[in-house]
There are 2 protein chains.
Amino acid sequence: MTDHSPEAGFCCPDHSGTSQAQAILAQAEARAREAGLRLTPVRRRTLEILLEAHGALGAYEVLERLAAEGYGTQPPVAYRALNFLVENGLAHRIRRLNAFTACAQPAHEHRAAFLICESCDSVTEARADGMTRALGAAADAVGFVLARSTIEAVGLCRACAQGRA
Amino acid sequence: MTDHSPEAGFCCPDHSGTSQAQAILAQAEARAREAGLRLTPVRRRTLEILLEAHGALGAYEVLERLAAEGYGTQPPVAYRALNFLVENGLAHRIRRLNAFTACAQPAHEHRAAFLICESCDSVTEARADGMTRALGAAADAVGFVLARSTIEAVGLCRACAQGRA
DNA sequence: TCTTGACTGTTATGATATAACATAAGATAG
DNA sequence: CTATCTTATGTTATATCATAACAGTCAAGA
Ligand SMILES: [Zn+2]
Ligand SMILES: [Zn+2]
Ligand SMILES: [Zn+2]
Ligand SMILES: [Zn+2]
C-alpha cells in the first residue's frame with residue numbers, strides 16, 4: 001500500500017480525498033436537495049467517511065467509524081446508509097472488493113467503470129458511457145433489455161506501474 | 001423464475017444446459033488436456049454440475065450436490081474446485097450473484113460479459129472483446145495498466161421481456 | 001522404496017449481509 | 001396543536017459467503 005498519510009505529497013491517482021472532498025460533498029448535497037432526498041446525519045456522515053477514505057471501504061469499516069461517533073453500532077446502520085447513497089447515485093458499490101466508494105461526479109448522472117489497483121488498492125472512477133453503449137449493443141443483439149451494469153477492471157495504477165517498471 | 005424443468009420446451013436464452021452441455025464439456029476436456037491441467041473427478045464433476053444447472057450456482061449449492069455424491073462435505077471442497085475451474089478458464093465467477101457458471105466457450109480464450117436476468121435468474125455469456133478494448137482505452141488514458149476485468153449487466157432476458165410486454 | 005508435490009478432506013473461524021422487530025423523529029390532516 | 005401516518009434509526013439475532021490451517025492420500029520421479 002502506498003503512503004496515504006496526509007503528509008505524503010503523493011496520493012491515489014484521481015483520489016477524491018482531502019483535496020476534492022469538499023467540492024464533491026457540495027455537489028452531492030446540491031443534488032440531494034434538488035432530488036428531494038433526505039440526507040440525514042448518518043447518511044451525510046457516511047458519505048463524508050467515504051470521501052475521506054483512500055480507496056473503497058467495506059461496510060464494517062464504515063460501521064466502525066460511525067459507531068465511534070455515536071451512531072448505531074450494528075451492521076444494518078452502515079448497510080442502510082450505504083445502500084441509500086448507492087441507490088441515489090451518491091456512492092458506488094465495488095463488487096470485487098465487497099466495498100463502497102463515494103461517487104466522484106455526483107453532479108450528473110453517469111455510467112461508471114472502476115479501475116482497481118492490485119498494488120495500492122486505489123479505486124479510480126472512470127466514465128463508462130462508451131463501454132455501456134457497446135454493452136447495450138451486445139445486449140440488443142440477443143434481445144436482452146439492459147437495466148444497469150457493473151464494469152470493474154483490475155490492474156496497476158499509474159503510480160504503482162511506474163514504481164515497478 | 002421461469003420453468004426450467006426438463007419437461008418445459010423452453011429454456012434459458014443461450015442456456016448451456018441439457019442441449020449443449022455435452023459439447024461444452026468435450027471442449028473443456030480437450031482444453032484441459034492440451035493445457036496439461038488435471039481435471040480430477042471432483043473438478044470434472046463440479047464442471048458438470050455447473051453445466052447441468054440453469055443460471056449460476058452458489059458455492060454452497062455446488063457443495064450440496066458434491067456432498068450428496070460422496071465427495072467432501074465442507075466448503076473448501078467446492079471453493080477449490082470452483083476456483084480451479086475459474087483460474088483455468090473453464091468457468092466464470094459472477095460477482096453480482098456470488099455464484100459461478102460454466103464457461104460457454106471453453107475452447108478459446110475470450111473476454112466475457114454476462115447478462116443477468118432479474119426475472120428468471122438466467123445468466124448469458126456474451127463476448128466482450130469490444131468492451132474490453134474500450135475499457136483498455138479508458139485505462140490507458142489515465143495510465144492504468146489493465147490486467148483483467150469484470151463486466152456484468154442486469155436486466156431482462158428476451159423471454160422475460162416479452163412475457164411482460 | 002522413498003521422497004516430493006499436488007490433491008482432497010476436515011475443523012474451525014472469519015467476513016459479508018439481511019430479517020424482524022422496537023423506538024424515535026418528521027410530515028400531514030383534522 | 002395533536003392524532004395519525006410515514007420514514008428513518010437502532011437493536012438482536014441469524015443467514016450467507018469465504019478462507020486459514022492442518023491431516024491424510026496418492027501418483028510421479030529419484
Ligand atoms: Zn460516480
Ligand atoms: Zn496503485
Ligand atoms: Zn467463457
Ligand atoms: Zn429471464
Less than 4.5 Å apart, any side-chain heavy atom of [X] and any of [Y]?
X	Y	result
A:Leu115	A:Cys157	no
A:Phe114	A:Thr101	yes
A:Leu90	A:Leu50	no

Using whole Å, what does the distance between atom [atom2] of nucleotide [N] and atom [atom1] of [X] come to?
X	N	atom1	atom2	result
A:Leu66	D:dG10	CG	P	9 Å
B:Leu57	D:dT16	CG	C1'	16 Å
A:Asn83	D:dT7	CG	C1'	16 Å
B:Leu39	C:dA6	CG	C1'	15 Å
A:Leu63	D:dT9	CG	P	14 Å
B:Arg95	C:dT16	CZ	P	12 Å
A:Leu37	D:dA8	CG	P	10 Å
A:Arg80	D:dT12	CZ	P	13 Å

Closer to the 5' end of DNA chain C via nearest nucleotide, is it B:Gly72 or A:Leu97?
->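 First, find each residue's nearest nucleotide; the 5'-ward one identifies B:Gly72.
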
Give a yes/no answer on whether the side chain of [X] brings an N or O atom under 4.0 Å of OP1 or OP2 in [N].
X	N	value
B:Thr73	C:dG9	no
A:Asn98	D:dC17	no
B:Arg43	C:dT8	yes

Closest listed nucleotide, where the reference is the side chain of [X] and the choices are [options]:
X	options	result
A:Pro76	D:dA18, C:dC7, C:dT18	C:dT18
A:Thr40	C:dT10, D:dA18, D:dA8	D:dA8
B:Tyr79	C:dT10, D:dC17, C:dT18	D:dC17

Going by modelled atom types, is there a donor-acceptor pair between the base of D:dA15 and the side chain of B:Tyr60 at under 3.5 Å?
->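 Answer is no: no donor-acceptor pair is held.
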
Looking for any heavy atom pair under 4.0 Å, which part of the strands does B:Arg93 touch: base, sugar-phosphate only, or nothing?
->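 The residue B:Arg93 makes sugar-phosphate contact but no base contact.
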
Residue mapping more 5' on DNA chain D - nearest nucleotide basis, B:Ala59 or A:Arg38 =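 Closest to the 5' end, via its nearest nucleotide, is A:Arg38.
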
Upstream residue (5' side of DNA chain D) when B:Gln74 and A:Tyr71 are each assigned their closest nucleotide =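 That would be A:Tyr71.
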
Sidechain N-carboxylate O distance under 4.0 Å for A:Arg96, A:Glu118 =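 No.
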
With the threshold set at 4.0 Å, does a side-chain nitrogen-carboxylate oxygen contact exist between B:Arg93 and B:Glu152?
->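 So B:Arg93 does not pair with B:Glu152 through a salt bridge.
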
